[in-house]
Amino acid sequence: MNRALQNMPRVRANLNHLVSIFCSVFRENSKRIRASFFNNELVQLMWSKYIHSESEYIANYLAELINVEGKQSEAYILLKDILVLSNRLNFQILKPELLKYADA
């Protein structure tokens, strides 16, 4: 991987930090970790591509998450937090049509 990144010194310099955040952002329910993760320029670039290429998968996942018996309020709180973070960072974490659930 180092060879592939030799022409990208900023990426290479931040890779260990990004891997650490990436491994925890999807395990932990932490606003601080999500903010740190989505505030990174490289993550924003890759995430933008991901939400567009996998929009159907993400929509299905969120629908399943919202429909888990007894977990709806947690799902809505998570989506509301994502909406607030998106606005704070001025970065689209989820497509707007998926954030409609945040208003529920």
Over all heavy atoms of both residues, which pair between [X] and [Y] is shortest? Give the atoms and the distance, please.
X: P96; Y: Q92; result: CD-NE2, 3.3 Å
X: L89; Y: A35; result: CD1-O, 4.2 Å
X: I93; Y: I82; result: CG2-CG2, 3.7 Å
X: I58; Y: L94; result: CG2-CD2, 3.8 Å

Sequence neighbours excluded, the answer for ring-ring contact (aromatic ring centres under 6.0 Å, His included) partners of Y50 is W47
Residues passing the salt bridge (charged side-chain N to carboxylate O under 4.0 Å, His left out) test with K31, sequence neighbours excluded, are D81
Let's go through R34 and L78 carefully: what are the C-alpha distance in whole Å and the side-chain angles of both, what is the deciding distance for side chain to side chain contact (heavy atoms under 4.5 Å, CB included) to 0.1 Å, and is it a yes or a no? CA-CA 11 Å; R34 276 196 300 275; L78 174 64; 3.6 Å; yes
Quick note, salt bridge (Lys or Arg N to Asp or Glu O under 4.0 Å) partners involving residues 83-95, not counting sequence neighbours, are none
So salt bridge (Lys or Arg N to Asp or Glu O under 4.0 Å) across residues 36-62, not counting sequence neighbours, yields R10-E41
- Query: Do the side chain of Q72 and the main chain of G70 share a donor and acceptor less than 3.5 angstrom apart?
  - Reply: yes
Is there a side chain to side chain contact (heavy atoms under 4.5 Å, CB included) between S86 and F38? Walk through the geometry before answering.
CA-CA 9 Å; S86 288; F38 286 111; over 6 Å; no
Please answer: with hydrophobic residues joined when any side-chain heavy atoms are less than 4.5 Å apart, are I77 and Y61 in the same cluster? no
Under a 4.5 Å side-chain heavy-atom rule over Ile, Leu, Val, Met, Phe, Trp and Tyr, are V84 and I51 clustered together? no
